[in-house]
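Remarks on the structure that follows.
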Amino acid sequence: MVVLVALSAGIYAAVLIPFKGLVLIPGITEIRPANTLPPVLGLLFGPAGAWGSAFGNLIGDFFGTLGIGSIFGFIGNFMQAYIPYRLWRNLGLLKADDLEPNLNSGRKIFAYTVVALLGSFACALTIGWGLDLLKMVPFAALASIIAVNNSIPSIVLGIPLLMILYPRVKKWNLLWTDIMEEDEIQKPDAKARIAALITSLAILVGLFGGLMAAVAGGQSLFAAGFAGGKAGLASVGFIAGFSAIIFILASLL
Amino acid sequence: MEMFLYMDKDSILHKLDPRTKIFIMLISFAIALMFSSLSLLLILSFLVILYGALGKVLSNLKRIRVILIMIAIMSVILWALTYPGTTRLWGPVTKEGIIYGIAIGIKFDVMIIAGMIFLSSTKIEEISLGLVKLGIPYRPAFAFSTAVRLVPMIVSTSYIITQAQKSRGLDLDTGNILQRIRKYIPLLIPVLISVIRQANILAMALESKGFGYSDKRTSYLEIKFEVRDYAFLAVALLILIVAVYFKFKYRL
């Protein structure tokens with residue numbers, strides 16, 4: 001497990017670092033094709049992939065953007081890998097007898113798209129809320145930019161990447177289901193399904209509810225968000241913050 | 001190719017306990033976050049630069065200058081165009097927007113420089129040990145330090161694969177930026193596969209050395225607080241207290 005954490009982190013950081021100069025929001029985020037990796041790492045390596053994404057992002061920050069935002073970046077990137085891992089088996093999008101992340105059917109590609117989007121939104125919600133709370137960047141601007149910046153590569157490049165990597169990782173017995181002890185692997189039962197549904201709902205409510213509250217409070221989406229309204233709105237803090245706590249707790253159940 | 005920022009110098013900063021440097025870095029983040037006033041952020045920048053000069057690591061600023069300049073320029077452009085100011089200079093650009101943009105640019109840059117000073121004066125194994133001493137479990141700390149060491153290896157692997165493909169006729173030097181990125185994407189696969197293959201070898205190496213045998217570990221590297229650590233921490237805390245006082249007393 002420790003090796004897979006290090007490996008995932010190393011790969012993620014190595015792809016992140018060359019793009020550090022392509023700044024999107026000064027000091028906060030840049031163009032990140034590396035965001036293809038967290039959902040793929042999460043589905044292949046499970047919790048090790050999630051920790052790897054978190055550490056990889058932190059190491060990436062070491063090459064120029066280490067700051068207070070790195071704390072929320074750590075949690076957000078963990079979640080971008082952890083949420084797909086948790087929801088893949090438990091959300092009920094797949095047949096119970098075939099839960100392998102091999103994307104060999106339209107149904108699995110659809111399930112991947114859903115969990116990768118939810119992972120990207122979870123990351124956007126966590127980082128957007130955290131930096132809005134610190135009054136660094138308005139929620140509407142940051143969360144919308146991160147959501148798009150994460151979603152596009154994780155779907156467009158993530159699907160072919162997972163299709164190519166899965167058979168090799170499976171062959172080398174490095175899938176998280178091969179590494180973890182049998183009793184550590186959660187069964188996709190009713191409790192897991194409910195937790196997955198709460199997680200998904202909290203992510204969607206937190207992100208889109210937070211965005212609506214932010215816009216109602218005078219903020220604007222994307223780059224225009226820097227013009228309209230200041231960071232730190234109480235309504236955004238409540239909706240996004242409460243939902244973030246709920247989805248994090250539910251995802252750990 | 002030297003990827004990491006660490007510089008091996010004989011300075012008081014290098015001799016500080018990594019925990020002291022972590023606390024000082026966090027304190028500088030906190031103070032930077034507290035203020036958006038240009039003059040106060042300039043004072044903080046001066047103090048951070050002075051701290052870096054003590055460690056003789058400011059030459060690393062050259063290595064991150066592109067990022068610092070990009071952040072400063074983007075911040076000024078972004079805020080000049082969007083900040084709701086009253087003194088219009090040209091189109092949507094306002095004087096207040098430019099000043100705010102400069103202040104925010106400095107705020108982010110000063111945090112990045114504080115991070116750079118920490119990384120330039122602290123070895124990876126010291127960071128790892130510092131985190132363990134601060135209560136982080138050994139396994140995550142080990143995974144972190146191993147990952148940091150893996151990055152140059154992965155970059156080197158990707159360089160070798162790129163050169164191999166070029167020697168077979170792959171043209172990576174022509175086309176616009178998007179076309180070039182598209183050409184690089186297929187190279188990602190052999191890099192990832194090559195790196196993942198090495199995971200098994202690394203796992204066996206760790207196992208053969210008894211990794212995870214005991215939760216209590218000893219370390220070849222020893223760190224402890226000394227008088228200089230307390231002195232640096234006292235000064236940093238004093239600056240933080242003064243900053244908090246000014247923040248609340250004068251609403252800065």
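The sequence lines fix the lettering, A, B, ..., with proteins before strands; numbering per chain opens at 1. Here the structure is a predicted model, which means the values were calculated and not measured.
Residue contact with chain A, scored on non-hydrogen atoms closer than 4.5 Å, involves the side chain of Met25(B) exclusively. Both the backbone and the side chain of Leu202(B) come within less than 4.5 Å of a heavy atom in chain A. Contact annotation for Leu7(A): both backbone and side-chain heavy atoms come within less than 4.5 Å of a heavy atom of chain B. Contacts of Leu174(A) with chain B are made by side-chain atoms alone, with heavy-atom separations under 4.5 Å and no backbone atom involved. In this structure, no portion of Met116(B) lies under 4.5 Å from any heavy atom of chain A. Within the 4.5 angstrom heavy-atom criterion, atoms from both the backbone and the side chain of Trp172(A) approach chain B.
Counted within 6.0 Å of CD on Glu207(B), heavy atoms from surrounding residues, nucleotides or ligands total 12 or fewer; the atom is thus considered open. Open room surrounds NZ on Lys95(B); 12 or fewer heavy atoms of other groups in view lie less than 6.0 Å from it.
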side-chain contact (heavy atoms from CB on, under 4.5 Å) assessment of Thr146(B) paired with Val2(A) | CA-CA 9 Å; Thr146(B) 307; Val2(A) 172; 5.7 Å; no

Verdict with supporting geometry, Leu192(B) and Leu37(A), side-chain contact (heavy atoms from CB on, under 4.5 Å) = CA-CA 11 Å; Leu192(B) 291 178; Leu37(A) 292 169; 4.3 Å; yes

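In terms of non-hydrogen atom pairs under 4.5 Å with chain A, the most contact-rich of Gln198(B), Arg197(B), Met153(B) is Arg197(B). Ranked by non-hydrogen atom pairs under 4.5 Å with chain A, the options Ser36(B), Gly115(B), Pro140(B) are led by Pro140(B). Among Phe55(A), Trp51(A), Tyr12(A), the residue with the largest count of heavy-atom pairs under 4.5 Å with chain B is Phe55(A).
Not counting sequence neighbours, the partners of Glu100(A) by the salt bridge (Lys or Arg N to Asp or Glu O under 4.0 Å) test are Lys170(A).
Nearest approach of Ala6(A) to Ala147(B), heavy atoms of both residues: O-CB, 3.5 Å. Contact record, Ala203(B) with Val3(A): CA-CG2, 3.6 Å, taken as the closest heavy-atom pair. Annotation for Gly10(A) and Leu150(B): closest pair CA-CB, 4.4 Å, computed over non-hydrogen atoms. Of all heavy-atom pairs between Ala143(B) and Val5(A), the closest is CB-CG1, 3.7 Å.
Residue Ile71(A) holds its CD1 atom at 8.0 Å from CZ of Phe29(B), rounded to the nearest 0.5 Å. Taken from CE in Met136(A) to CD1 in Ile104(B), the straight-line distance is 8.5 Å, to the nearest 0.5 Å. To the nearest 0.5 Å, atoms CD1 (Ile164(A)) and CD1 (Ile189(B)) are separated by 4.0 Å.
Between Ile196(B) and Phe45(A), the closest side-chain pair of non-hydrogen atoms falls below 4.5 Å. With a 4.5 Å cut-off on side-chain heavy atoms, Phe144(B) and Ile59(A) count as touching.
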